Amino acid sequence: MNKKIVIKTLEKIALLLELQGENPFKISAFRKAANALELDERSLAEIEDITAIKGIGKGTAAVIHELIEKGESSQLRELEEAVPKGLIPLLKLPGLGGKKLAKLYSELGIDSAEKLKEACETHAIQKLAGFGPKSEEKILKELEHFGERKERLPIWYLQTVVVDIHNTLLEITEIQKFSVAGSFRRVSEMSKDIDFIVATAQPDKVKEQLLEKLTIKEVIAAGDTKVSVIIDGEDQVSVDFRLVAEKEFATALHHFTGSKDHNVRMRQLAKEQGKKISEYGVEQPDGTILTFDSEEQFFAHFDLPFIPPTVRESGKELERLNELDDLVTLESIISDLHMHTTWSDGAHTVREMGEALISRGYTHGVITDHSQYLKVANGLTPERLRKQRLEIFEFNETHPNFTLYAGTEMDILPDATLDYDDDVMKELDFVIASIHSSFSQPQEKIMERLYNAIQNPYVHMIAHPTGRIIGQREGYNPDIPQLIKWASEYGKILELNANPFRLDLCIEHLVMAMELNVPIAINTDAHAIEQLLFMGIGTKYAQKAWLLKDLVVNTWSKEQFETFIRKNK
DNA sequence: GCCGTTTTCGGCCCGACTGTTTTCAGTCG
């Protein structure tokens with residue numbers, strides 16, 4: 001039995017119990033059991049006593065055992081018979097939870113969006129206890145846009161919205177300080193909404209200005225402590241602003257950065273000490289409320305080191321405190337190994353890119369323009385590649401404390417051959433191989449292409465190994481565990497492409513690579529100087545996989561890097 | 001439903017907001 005199926009079944013049971021208006025603690029018990037199973041690294045077969053796992057007891061264990069033995073769950077089947085399928089999507093309507101939907105179904109037989117609409121229009125709903133005219137209005141309004149708005153938006157889109165809002169907040173003089181919070185601050189690939197924490201002594205003035213200055217499609221709520229709006233744009237994004245007093249800023253920032261599981265864990269910890277955490281501060285056993293100047297101080301109050309937002313996820317981060325110092329950070333990065341110039345499809349020259357690297361405090365970098373196959377990107381023929389190398393040598397002569405290496409981002413062709421001959425590659429310092437074509441080939445063919453690249457002695461690294469664009473395209477579906485094994489076997493680097501559209505390899509794969517000690521290079525793939533900034537998001541994303549400095553090629557000294565790139569020459 | 005214990009019941013993270021109420025339930029993050 002596949003563990004994923006078990007997890008999904010437990011979650012499904014929770015969802016259906018919710019729609020029966022069950023006891024919320026019972027519902028969350030099923031979710032906790034699913035979560036506990038997910039966080040346990042063992043496979044189902046490896047787990048001897050399932051009830052030994054915290055969060056799994058008699059009831060949930062029975063479901064799991066039945067799944068293993070019979071391949072299905074009778075509890076789930078019974079629930080599916082009792083709860084109409086049509087109710088599940090209705091849970092997404094804001095304001096309608098399990099209890100209300102259960103009531104609407106049992107009293108009025110509502111089990112679809114159509115019936116719900118009809119019941120609102122005939123005013124059947126306001127007759128129910130707990131509902132009123134406003135409920136009907138609100139439901140009708142929500143039904144209009146039902147399914148229209150995207151549920152989660154990718155980080156690369158949200159980033160543009162965050163930057164716009166950031167600039168707007170800078171203009172509001174009544175704001176003392178502010179920060180983005182929520183899953184965006186934790187560098188999640190996709191987020192449902194954006195949260196901002198705003199410290200101010202004049203919340204009504206700030207509220208007024210927010211509503212005036214932002215490009216708002218709809219105001220959801222505008223209270224004294226919370227302003228919630230839909231920002232208009234290519235996609236519509238829900239944004240919450242929490243208005244707090246300056247002294248509450250640190251605890252509010254922590255609270256609204258989450259994750260939910262991290263907060264739960266922190267509160268449990270506080271409770272063990274007789275304290276109580278809320279967004280307003282930490283209540284002491286004697287009832288006084290402490291506030292903090294920074295999140296660092298907040299953590300220090302619980303004898304914890306600063307836990308970066310990126311790893312505040314499952315709550316298990318509190319058990320991995322000893323690893324925090326060794327996590328890769330932007331400060332530990334001293335090189336970028338993948339970038340383009342005007343020689344192919346970049347916006348800046350070799351000299352401009354090189355000097356930009358120097359001003360970032362790096363000690364070395366690699367110029368890696370596209371190869372000849374990629375005609376649309378003005379890929380380089382071997383002749384042009386040699387000419388470019390002269391330009392790189394020249395740069396190095398005039399910049400003695402920095403080294404620019406000559407490299408390429410070479411295409412792996414659809415027929416699985418490489419775009420340059422070995423003789424051409426041999427002349428280069430660093431060879432990246434990557435796939436930019438024929439994404440829809442069967443997996444065997446894709447793997448044949450990747451294998452040919454990775455076993456070639458002159459290839460150092462595979463770039464953006466899956467080719468995905470977050471929230472938009474899956475990529476070419478390679479067998480990544482296999483690729484990681486090859487990388488380990490042939491001593492090659494795999495890339496974490498830091499471009500926010502890509503973030504490729506993803507977290508799960510980075511964890512696998514780390515287990516086999518495969519070196520990872522975090523690269524911006526910059527096509528312009530400004531994109532060198534992607535290194536920030538790349539390192540933060542890497543932290544989410546608990547990637548350690550030593551395994552990240554960009555933290556290696558020039559000498560270490562040279563030893564690596566020359567070993568096959 | 002799960003857990004822990006001052007062990008077999010009582011609490012489970014905490015608070016804001018909304019719309020319904022007239023003291024609160026449900027939803028949400």
Side-chain angles (χ1 to χ4, degrees), chain A residues 10-11 13-14 17-37 50-64 75 79 90-104 125-139 141-142 181-186 191-197 203 219-228 238-244 248 251-273 275-283 289 315:
Chain A
L10 291 168
E11 280 166 356
I13 290 174
L17 288 173
E18 204 176 334
L19 286 169
Q20 287 198 317
E22 259 287 2
N23 172 3
F25 294 113
K26 181 170 169 180
I27 297 164
S28 88
F30 278 91
R31 297 219 160 98
K32 273 184 195 160
N35 194 240
L37 213 50
I50 199 119
T51 54
I53 299 176
K54 207 163 162 248
I56 298 178
K58 229 172 67 186
T60 47
V63 174
I64 298 169
Q75 189 174 358
L79 280 166
L90 297 183
L91 266 177
K92 298 224 169 76
L93 286 167
L96 288 185
K99 294 206 173 169
K100 287 195 170 174
L101 283 172
K103 185 156 197 173
L104 289 171
I125 285 178
Q126 55 174 285
K127 296 195 183 86
L128 296 180
F131 292 83
K134 284 206 176 170
S135 313
E136 282 178 351
E137 263 172 56
K138 198 175 165 204
I139 293 169
K141 204 167 148 212
E142 293 296 344
S183 55
F184 184 86
R185 183 165 181 245
R186 303 198 312 273
S191 300
K192 202 158 66 68
D193 60 7
I194 301 174
D195 298 280
F196 272 92
I197 309 302
V219 178
I220 308 284
D224 291 340
T225 62
K226 179 180 167 183
V227 175
S228 189
S238 156
V239 184
D240 289 346
F241 298 89
R242 308 283 170 161
L243 311 179
V244 301
E248 295 162 350
T251 41
L253 181 60
H254 176 264
H255 175 88
F256 289 109
T257 295
S259 67
K260 195 169 177 284
D261 290 335
H262 169 82
N263 286 354
V264 167
R265 188 70 196 85
M266 286 298 295
R267 290 199 181 121
Q268 285 167 344
L269 188 77
K271 204 167 177 173
E272 287 162 19
Q273 302 176 13
K275 299 169 185 166
K276 215 158 80 174
I277 299 176
S278 81
E279 56 260 55
Y280 302 109
V282 178
E283 192 182 318
I289 292 177

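It should be emphasised that the depicted structure is a prediction, and the values quoted were computed from it without experimental measurement. Below, read A as the first sequence line, B as the second, and so on, with proteins coming before strands; counting in each chain starts at 1.
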Using the side-chain heavy atoms of Lys271(A), tell me which of these nucleotides is nearest: dG26(B), dT20(B), dC14(B).
dC14(B)

Using the side-chain hydrogen bond (donor to acceptor under 3.5 Å, both in side chains) criterion, which residues pair with Arg186(A)? Sequence neighbours excluded.
Glu313(A)

Closest to the Ser278(A) side chain: dG15(B), dT27(B), dG19(B)?
dG15(B)

Value in whole Å for how far the P atom of dC12(B) lies from CD of Glu272(A):
13 Å

With sequence neighbours excluded, what pairs up with Thr51(A) under the side-chain hydrogen bond (donor to acceptor under 3.5 Å, both in side chains) test?
Asp49(A)

Which is true for Ile53(A) with a 4.0 Å heavy-atom rule: it touches a base, it touches only sugar-phosphate, or it touches nothing?
sugar-phosphate

5'-most contact on DNA chain B (nearest-nucleotide basis), Pro133(A) vs Leu91(A), goes to Pro133(A)

Taking for each residue the nucleotide of DNA chain B bearing the nearest heavy atom, is the 5' side occupied by Glu279(A) or by Gly59(A)?
Gly59(A)

When rounded to the nearest 0.5 angstrom, what distance separates CG in Leu37(A) from CD1 in Ile50(A)?
5.0 Å

Between C1' on dC3(B) and CZ on Arg31(A), what's the gap in Å once rounded to a whole number?
20 Å

Which part of the nucleic acid, if any, lies within reach of Lys276(A) when heavy atoms closer than 4.0 Å are counted: base, sugar-phosphate only, or nothing?
sugar-phosphate

Determine the Euclidean distance between corresponding C1' atoms of dG11(B) and dA16(B); express it in Å to zero decimal places.
22 Å

To the nearest angstrom, the CG-P distance between Leu79(A) and dG1(B) comes to 11 Å

From the candidates dT18(B), dG1(B), dT20(B), the one with an atom nearest any side-chain atom of Phe25(A) is dG1(B)

Establish, with yes or no, whether the OP1 or OP2 oxygen of dG29(B) is under 4.0 angstrom from a side-chain nitrogen or oxygen of Lys192(A).
yes

Heavy-atom pair of closest approach, residues Ala102(A) and Leu19(A)
CB-O, 3.3 Å

Do the non-hydrogen side-chain atoms of Val244(A) and Thr251(A) ever get within less than 4.5 Å of each other?
no

Nearest whole angstrom, please: distance from the P of dC12(B) to the CG of Asp261(A).
18 Å

Distance check, P atoms only: dC17(B) and dT22(B), in whole angstrom units.
22 Å

Atom-pair distance (CG on Leu17(A); P on dC2(B)), nearest Å
12 Å

Options dC3(B), dG29(B), dC17(B), nucleotide nearest the side-chain atoms of Thr225(A)
dC17(B)

What is the minimum heavy-atom distance between Ala181(A) and Ile197(A), and which atoms define it?
CB-CG1, 3.9 Å

Quick one: Phe131(A) CZ to dT27(B) C1', roughly how many Å, whole number?
11 Å

Quick one: Lys226(A) NZ to dC17(B) P, roughly how many Å, whole number?
8 Å

Applying a 3.5 Å limit to both distances, which nucleotide forms a Watson-Crick or G-U wobble pair with dT8(B)?
none

So which nucleotide from dC3(B), dG29(B), dT20(B) ends up closest to the side chain of Lys54(A)?
dC3(B)

May I ask you to say what Gly258(A) touches in the nucleic acid, namely base, sugar-phosphate or nothing, with a heavy-atom cut-off under 4.0 Å?
nothing

Spacing of the P atoms in dT20(B) and dC28(B) (rounded, Å)
15 Å

Check whether any side-chain N or O of Thr60(A) sits under 4.0 Å from OP1 or OP2 of dC2(B), and answer yes or no.
yes

Quick one: Lys92(A) NZ to dG29(B) C1', roughly how many Å, whole number?
17 Å

Once you apply a heavy-atom cut-off of 4.0 Å, does Asn23(A) come out as touching a base, just sugar-phosphate, or nothing?
base

Testing dG29(B), dC17(B), dG26(B) for proximity to the side chain of Lys99(A), the answer is dG26(B)

With a 4.0 Å cutoff (strictly under), does any side-chain N or O of Ser28(A) reach OP1 or OP2 of dC2(B)?
no

If I pick the C1' atom on dG1(B) and the same atom on dT8(B), what distance separates them, to the nearest angstrom?
15 Å

Atom pair CD1 (Ile139(A)) and CG (Leu96(A)), whose distance is rounded to the nearest 0.5 Å
4.5 Å

Would you indicate which nucleotide in dG26(B), dG19(B), dG29(B) comes nearest to any side-chain atom of Lys100(A)?
dG26(B)

What contact category does Tyr280(A) fall into here, base, sugar-phosphate, or nothing, at under 4.0 angstrom with non-hydrogen atoms?
sugar-phosphate

Counting only side-chain heavy atoms from C-beta out, which of dG19(B), dG29(B), dG1(B) sits nearest to Lys26(A)?
dG1(B)

By the 4.0 Å heavy-atom rule, please label Ile27(A) as base, sugar-phosphate, or nothing.
nothing

